[in-house]
Chemist: 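Here's a structure for you.
Given the structure is predicted, the values throughout are model-derived calculations rather than measurements.
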Amino acid sequence: MTARLQSRSLRTRLLVFITAVLVCVCAAMALTTVFAQRAYLMGNLDNQVGDAAERGVGGAALHPDLTRDLTFLNESGHPAGMLAARLDAKGDIINAAVVSQDAPPRSLSTAQTDALEGLAQDGSTHTRQVPGLGTYRVTALNASGVRVLAGLPMDNVLDTISGLVEVETVVAGVGLTIAGCVCAVVIRRQLRPLGRVAATAVEVSHAPLGRGQVTGLTRVPERDTDPGSEAGQVGAALNRMIDHVEASLAERQRSEEQVRRSEERMRRFLADASHELRTPLASIAGYAELMNRGTDRIEPGLAWRRVNAESARMRSLVEDLLLLARLDEGRPLQSAEVDMAALVAEAVWDARAAGAGHVWQLELGLDSPSLVLGDEARLHQVVANLLANARVHTPVGTTVTATVDVTPTTCVIRVRDDGPGIPPALLPTVFERFTRADTSRTRAGVLEGGSGLGLAIASAITTAHGGRLDVDSVPGRTEFTLELPVTELPPTGTAIGARTAPV
C-alpha cells in the first residue's frame, strides 16, 4: 500500500494523508463524545436505579414478615417498565414483578426471573438482558434483613446513544466530504506554482542543448520564484541552474568558436605564408634555371639583381613572421624611455624620402614630454608601418598627417590621410595577418606592395607595450590611432606648444 501510494502524485498523497488525518480526528471526537455521553446517561440511570431500590426497601420494610410482598410497586411515581423483586437470605428471587403502563404490576416469568439471579446485595449496579423486556440496569440491596432488587430499562439510554452515533456519523461524513473537497481545491491551487516549475523543467529538458542551443531557455515566471515559499525556492533554484547551464553552454560555444577561428586563422596563415614564400622562391628558382641554360637567355647582372631582390623579400617576410611568433609567445621587449615626438618626426622624414609624391605633415600638440617606456626600434617600426600603409594604399598627391598628443595618462599618435579609404568589408580584419586590399598573391618586388603583415605587426607590438591601435575610415579620411601609456605625469607649467609643419 505504501509503495503504491509513493508512486502517486504529490497532490494525491497530500489529499490521502489529510483525509486520513481528518478521519482519525473525527473518529476520536465522535468516540469521545459518545463515551462521555454514555457515561453521563449511565450515571443518571444508576442513580435512578439506586433511588428505586431504596424506595423498594422502604416499602418492604413496612411488612418485614411478608417476604413475598411487592405492594410497594402499587405506589404512584414508579416509571413504567420498572421491575422489582424480593430475595431470600440466599439471594434467590422469591417474587418479581414489572410495572406496566396504566395496569397493575405484572409478575415475571421463570426465564425472566432466572436472568436476574446471582446479584450481589451490595448496592452495585449491573446490566442484565431480560427476555421479553430488554436490557435493564439492576441493583440489589439488603437493609436489616429486607432484601429488595430493583431495575430500570436502558432503552432510553441506548436509543439516545444510538441516535447520537447516527448524528455524528452523518455530520462527520458530510464534514469529511466538504473538508476533502476544500482540501483538494486548496492543494490544487497551492501546488500550481510547483506544477509550473515542473513544466518549465520538462520544457528545458526537451531543449536541444546538445546542438549548441544556449539562449532562449524557458525560465520560471517571477511570480513563482518567491523565496518565502518552498515552490518559490525551487523555482528560483531552477532559474539559477538554467542561468548556469546557459552560461556554461555559451562559454563552451565561445571556446569552440575560438578554436574554430583559431584553426581557420592558422590554416589561412599557413596558406598565405606558403604562398608568400613560394613566390620569391619560384622567382629565384626561375632565374637560376635561366642562368644554368646559358647567359644568352638573360643578362647575368639582371638575374642576380632579381635573385637578390627576391631573397631580400623572402628574408623580410621570414623576419616579420619570426617577430609575430615572438610577440605571440609574450617574449619581453627591450625597455627604455622613448621620446615619441622625436620618433614620429624621424619616421615622417623617412616616409617623405620613400614617397616624394605625397604631401607629408607633422602636428605636435604637446603640453608635456611625450615619453613612453618601450622598445624604441619596435615603436619606430609601428609608426613606420602606419606611414608606409598610407603611402602604399593612397594615390600620389594624398596628404598624410602624423599627429602627436599627450594626455595625463597616454601618448596618442594619429596617422591620417585623405585617400580613398579602406573598403568596409576589409575594415573588421584590417589588423589580421595577410590582410590585403589586393587579394592577388603575386608581387613585383620587395618595394611594390606588402605581404599583409605590416598592420598585424603594428597591432602586436602595440599590444605588447600595453597600448591600443584603432582605425576609423571613410572615403576621403582614414585615421589610425595609436595610444601608449606615458611613463610619468606631466610636470606643472611645462608647455612645449602646438605646431603644424609640412615635412
Side-chain angles (χ1 to χ4, degrees), residues 312-313 315-356 358-366 368-394 400-407 410-417 430-431 433 446-447 449-471 478-488 496 499 501-503:
R313 178 182 173 185
R315 182 176 62 254
S316 176
L317 178 61
V318 171
E319 289 176 352
D320 289 344
L321 293 175
L322 181 60
L323 175 60
L324 286 173
R326 290 175 177 174
L327 293 174
D328 289 342
E329 291 177 358
R331 293 188 182 182
L333 299 174
Q334 295 182 4
S335 182
E337 279 194 349
V338 180
D339 186 350
M340 293 304 299
L343 185 146
V344 172
E346 294 176 359
V348 171
W349 279 104
D350 295 340
R352 179 182 181 280
H358 288 66
V359 178
W360 302 91
Q361 292 185 350
L362 176 63
E363 296 181 359
L364 301 178
L366 305 177
S368 60
S370 55
L371 300 178
V372 301
L373 193 64
D375 189 327
E376 182 175 3
R378 297 308 177 194
L379 292 175
H380 185 277
Q381 185 177 3
V382 172
V383 178
N385 285 356
L386 296 178
L387 295 173
N389 181 76
R391 173 177 58 81
V392 171
H393 298 289
T394 57
V400 181
T401 304
T403 304
V404 180
D405 294 311
V406 178
T407 69
T410 58
C411 177
V412 182
I413 300 168
R414 296 181 177 86
V415 177
R416 183 178 64 252
D417 65 71
V430 71
F431 294 113
R433 299 166 189 184
V446 177
L447 300 178
S451 61
L453 295 177
L455 293 180
I457 292 174
S459 177
I461 295 175
T462 302
T463 302
H465 283 81
R468 187 178 64 179
L469 181 61
D470 297 321
V471 62
T478 298
E479 182 175 270
F480 286 87
T481 302
L482 171 63
E483 296 182 5
L484 295 170
V486 296
T487 57
E488 58 183 1
I496 299 179
R499 64 182 183 273
V503 181

Chemist: Provide the closest heavy-atom pair for A341 versus L364 in the form atom of the first, atom of the second, distance.
Modeler: CB-CD2, 4.2 Å
Chemist: Looking only at heavy atoms, what is the nearest atom pair of E376 and L343, with distance?
Modeler: O-CD1, 3.6 Å
Chemist: Could you report the tightest heavy-atom contact between G466 and P485, atom names first, then the distance?
Modeler: O-CD, 3.8 Å
Chemist: Work out which heavy atom in F431 is nearest to a heavy atom in D470; give both atom names and the distance.
Modeler: CZ-C, 4.1 Å
Chemist: Kindly indicate whether the side chain of P369, heavy atoms from C-beta on, has any atom under 4.5 Å from the side chain of D339.
Modeler: no
Chemist: Given V400, which partner from the list L386, V348, D417, T478 fulfils the side-chain contact (heavy atoms from CB on, under 4.5 Å) test?
Modeler: D417
Chemist: Please report the closest heavy-atom contact between W360 and R391, naming both atoms and the distance.
Modeler: CH2-CB, 4.0 Å
Chemist: Within this structure, what is the OG1-CZ distance for the pair T410 and R468, rounded to the nearest 0.5 Å?
Modeler: 9.0 Å
Chemist: Going by heavy atoms in the side chains, are R414 and D405 under 4.5 Å from each other?
Modeler: yes
Chemist: Should L362 and W349 be marked as a side chain to side chain contact (heavy atoms under 4.5 Å, CB included) after you check the CA-CA gap, both sets of side-chain angles, and the distance that decides it?
Modeler: CA-CA 10 Å; L362 176 63; W349 279 104; over 6 Å; no
Chemist: As a test of understanding, state which of L373, V338, V372 forms a side-chain contact (heavy atoms from CB on, under 4.5 Å) with L484.
Modeler: V372
Chemist: What distance do I457 atom CD1 and N385 atom CG have between them, rounded to the nearest 0.5 Å?
Modeler: 6.0 Å
Chemist: Would a distance-only check, ignoring hydrogens and angles, find a side-chain to backbone donor-acceptor pair under 3.5 Å from S370 to C411?
Modeler: no
Chemist: Run the side-chain donor-acceptor check on residues 458-465: report pairs under 3.5 Å with partners two or more places apart or on a different chain.
Modeler:
{"residue": "T462", "atom": "OG1", "partner": "A458", "partner atom": "O", "Å": "2.7"}
{"residue": "T463", "atom": "OG1", "partner": "S459", "partner atom": "O", "Å": "2.9"}
{"residue": "H465", "atom": "ND1", "partner": "I461", "partner atom": "O", "Å": "2.9"}
{"residue": "H465", "atom": "NE2", "partner": "D375", "partner atom": "N", "Å": "2.9"}

